[in-house]
Amino acid sequence: MSGTNVAEALVRRLADHGVRRFFGVPGGDCSLDVIDAAPRHGLDFVLTRTETAAAIMAGVTAGLTGAPGVLMTTRGPGIANAVNGVALAALDRMPVLVLSDGQELSHGHVSHQRFDQAAVLRPLVKAEGALEGADPVAELDALLHAAAAPPAGPAYLELIGGRIRADAPPAAPPPVDRPVPPPPQEAALEAARAVLGVARRPVIIAGLQAAEEDAALALRALAVAWDCPVLVTYMAKGAIGEDDPRAVGPFISGAAEEPLLRSADAVVLFGADPIEFMPQPWRYAQPVVQISTHGFARTYLQPAAAVTGDLAAAASALAGAVRPGGWPAEEVAGFRAAMRALALAPEDGDFSPGAIVAALAGAAPRDTRIAVDAGAHMLPVMALWPAQRPRGALISRGLATMGYALPAGIAASLAEPDRTVIAFTGDGGLMMCAAELATAAELGCRLVVVVLNDASMSLIKVKQRRRQLRAQGMDYGRTDFAAVARGFGCLGLSVRSTDDLLPAFRQAMEAGGPALLDVSIDPESYHVSVRRLRG
Ligand SMILES: Cc1ncc(C[n+]2csc(CCOP(=O)(O)OP(=O)(O)O)c2C)c(N)n1
């Protein structure tokens with residue numbers, strides 16, 4: 001035996017895998033053993049207000065640090081409350097280890113807080129374990145490996161007191177290999193070359209896999225080699241720097257990018273994942289070359305050629321496949337300007353959501369990272385914020401859950417405390433996670449929360465109107481979020497006009513801790529612009 005117990009050995013192994021903090025809401029059982037061991041191995045425990053927020057923080061931490069994310073919950077209500085966050089890790093491709101208390105083996109008589117937790121999580125997790133084997137640390141390694149293998153996702157480890165308090169057997173050294181995509185097959189590359197060889201005007205749509213540093217570099221090189229326009233999905237924002245004249249704007253499965261794509265003669269999906277595409281069918285007839293690190297469970301579209309494997313290797317093998325020169329620079333600049341104008345909607349005045357986002361983008365430091373919630377506000381933010389680096393804009397697109405931006409912003413601030421983070425959210429989304437303002441205050445996060453407060457679930461209202469249903473049931477009372485923020489220990493400022501905006505933002509930037517701008521906007525702000533962008 002190793003002289004330490006299993007809980008200690010597991011925490012030490014998490015540290016070996018690069019984990020520096022984990023998130024959750026504990027119960028009185030195994031969570032306490034894990035929390036107790038954590039500081040001895042350099043791990044911080046971050047106590048959140050809800051389990052779903054903790055899961056979001058764990059997932060974002062994984063994306064920003066390269067180490068696995070770790071969520072800790074108690075049994076029963078704890079794990080049940082985390083389900084939306086586990087679904088996020090599954091659909092947004094985040095390697096998150098989900099730890100929860102199980103029921104003691106000797107507790108056959110217990111019904112309290114008892115249900116089949118593994119069965120609840122099974123549709124979402126890539127692997128599960130309960131430390132039944134002889135080597136708990138090897139079991140942890142296997143779960144982390146499964147979570148990280150493309151496509152990344154959550155893995156579930158159920159902890160039982162009798163098992164984690166037992167003596168740990170000696171552990172083998174941590175595995176050094178990380179799951180990596182295979183090299184692309186030559187036959188698939190040949191098929192792609194055949195399609196691209198006759199293309200003069202390809203458009204690249206970069207997706208979430210292009211947010212990896214090496215893939216992003218390869219994307220930039222490919223865009224130069226082909227001298228072609230690039231659209232990015234929301235999760236790939238920043239994979240190509242938005243100062244690059246070839247970066248036209250976001251791909252939103254909507255009307256905004258349609259003129260560009262209709263004038264292309266081939267479309268290359270570079271690391272795009274079907275979870276990023278809206279439900280409506282693919283609307284373009286041009287041949288599609290799909291380049292992805294892995295295959296997908298569902299076929300969203302039928303590509304003319306599909307290359308599976310390492311994106312950087314595929315990009316370099318295909319760099320000479322297109323003869324550049326088909327896209328005059330002024331034409332690409334025209335598409336770029338048109339998309340921006342749609343999102344900015346200048347006719348909506350200088351206090352429209354687009355104008356507010358553009359003003360903040362002009363005032364924020366260049367390397368500011370943003371986190372964005374689900375809702376109508378997401379469209380102008382994602383179209384107008386100039387992200388220069390991969391993961392410069394954090395957003396949930398696979399699950400597209402509300403209540404994401406604030407916890408994501410907190411995790412981003414913890415990962416890089418000196419970098420400015422702005423969390424853009426609607427009032428509905430903030431309602432779902434507002435208590436995490438207290439978490440941000442306690443942690444001293446340098447985070448600015450911008451609530452585009454229209455007292456309404458605007459995105460759903462737009463859809464209601466589009467279906468010619470009566471606009472009803474979508475409005476909230478107007479909440480004073482500045483007062484709410486102050487109640488939680490943050491700086492809270494009300495913004496009611498253009499004149500208030502930048503002074504308040506500057507005050508927020510100087511606050512040294514979390515600040516919230518409650519920006520009151522007209523509930524009708526989005527109706528024209530969302531329809532124009534999405535169609
Ligand atoms: C947890 C969750 N519940 C419901 C939805 C469906 N939904 C998407 S956007 C939206 C409205 C969001 O309202 P708000 O946060 O106020 O933002 P706005 O649309 O007004 O910008 C809803 C209800 C969702 N995506 N996630």
Side-chain angles (χ1 to χ4, degrees), residues 50-56 59 80-92 124 234-235 252-254 275-276 278-279 343 345 348 351-357 360 370-385 394-409 422-437 449-467 469 471-481 484 516-531 533-534:
T50 70
E51 290 79 358
T52 282
I56 294 169
N81 217 21
V83 168
N84 196 45
V86 182
L88 172 92
L91 285 178
D92 284 12
L124 300 172
Y234 281 172
M235 291 179 82
I252 60 169
S253 305
I275 58 105
E276 304 183 271
M278 299 292 280
D348 289 348
F351 204 55
S352 67
I356 291 164
V357 173
L360 292 175
I370 60 169
V372 188
D373 221 75
H377 60 280
M378 144 191 108
L379 282 106
V381 175
M382 295 306 283
L384 297 170
W385 193 269
L394 306 169
I395 188 164
S396 163
R397 200 56 180 153
L399 188 64
T401 185
M402 295 163 71
Y404 168 87
L406 170 57
I422 302 179
F424 284 99
T425 177
D427 48 308
L430 184 58
M431 290 282 190
M432 293 189 180
C433 60
E436 302 305 333
L437 288 168
V449 179
V450 176
V451 197
L452 291 168
N453 184 357
D454 57 2
S456 180
M457 294 226 171
S458 284
L459 191 59
I460 308 303
K461 218 181 198 177
V462 170
K463 293 180 186 187
Q464 204 169 34
R465 288 190 180 162
R466 186 188 295 148
R467 291 180 52 196
L469 299 169
Q472 57 173 348
M474 295 304 144
D475 293 333
Y476 288 122
R478 202 173 273 270
T479 297
D480 181 350
F481 285 104
V484 169
L516 178 143
L517 305 190
D518 181 4
V519 186
S520 293
I521 55 168
D522 179 352
E524 294 299 311
S525 299
Y526 296 107
H527 289 276
V528 177
S529 61
V530 170
R531 290 202 64 173
L533 284 164
R534 282 211 167 157

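Note that ligands are numbered from 1 as they come in the structure, with each ligand's atoms numbered from 1 the same way. Any value given below was found using the heavy atoms of this structure, including those in side chains, with hydrogens, waters and symmetry copies removed.
Summary of contacts: the protein heavy atom closest to atom 1 (C) of ligand 1 is T401 OG1, 3.5 Å. For atom 15 (O) of ligand 1, the closest non-hydrogen atom of the protein is G429 N, 2.7 Å. Nearest to atom 8 (C) of ligand 1 among the protein's heavy atoms is I460 CD1, 4.0 Å. Closest to atom 3 (N) of ligand 1 among all protein heavy atoms lies M402 SD, 3.7 Å.
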Pair M431, T479 - check side-chain contact (heavy atoms from CB on, under 4.5 Å), show working.
CA-CA 9 Å; M431 290 282 190; T479 297; 3.0 Å; yes
What's the verdict on side-chain contact (heavy atoms from CB on, under 4.5 Å) for Q464 and Q472, showing C-alpha distance, side-chain angles and the deciding distance?
CA-CA 8 Å; Q464 204 169 34; Q472 57 173 348; 4.1 Å; yes
I'd like to know whether V372 forms a side-chain contact (heavy atoms from CB on, under 4.5 Å) with Y234, so could you lay out the CA-CA distance, the side-chain angles of the two residues, the decisive distance to 0.1 Å, and finally the verdict.
CA-CA 10 Å; V372 188; Y234 281 172; over 6 Å; no
Please walk me through it: do L437 and V449 pass side-chain contact (heavy atoms from CB on, under 4.5 Å)?
CA-CA 9 Å; L437 288 168; V449 179; 4.1 Å; yes
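Put simply, the side chain of T401 never gets that close to the backbone of G85: no donor and acceptor are under 3.5 Å apart.
For ligand 1, the polar-atom distance check against L459 finds a nitrogen or oxygen pair separated by under 3.5 Å. By the 3.5 Å distance cut-off applied to N or O atoms, H377 is counted among the residues near ligand 1. Backbone and side-chain nitrogen or oxygen atoms of M457 are examined, and none is located within less than 3.5 angstrom of a nitrogen or oxygen of ligand 1. Looking at M432 next to ligand 1, no N or O pair under 3.5 Å apart turns up. By the 3.5 Å distance cut-off applied to N or O atoms, A400 is counted among the residues near ligand 1.
Residue-level proximity to ligand 1 for D454 is carried by the side chain, the only part with a heavy atom below 4.0 angstrom.
Within the model, atoms CE of M457 and NZ of K463 stand 12.0 Å from one another, a figure rounded to the nearest 0.5 Å. Separation of atoms CE (M432) and OG1 (T50) is listed at 11.5 Å; rounding is to 0.5 Å.
Proximity to A376 (heavy-atom distance under 4.0 Å) selects the following atoms of ligand 1: 18 (P), 19 (O), 21 (O). Contact atoms of ligand 1 toward S458: 18 (P), 19 (O), 20 (O) (distance under 4.0 Å to a heavy atom of the residue).
A374 counts as a contact of ligand 1, since one of its heavy atoms falls under 4.0 Å from the ligand.
A donor atom on one side chain and an acceptor atom on the other are not found under 3.5 Å apart for N453 and S520.
Relative to atom 16 (O) of ligand 1, the option among G428, C433, S396 with the closest non-hydrogen atom is G428.
Ion pairing between a basic and an acidic side chain is recognised when a charged N comes within 4.0 Å of a carboxylate O; K461 and D475 show such pairing.
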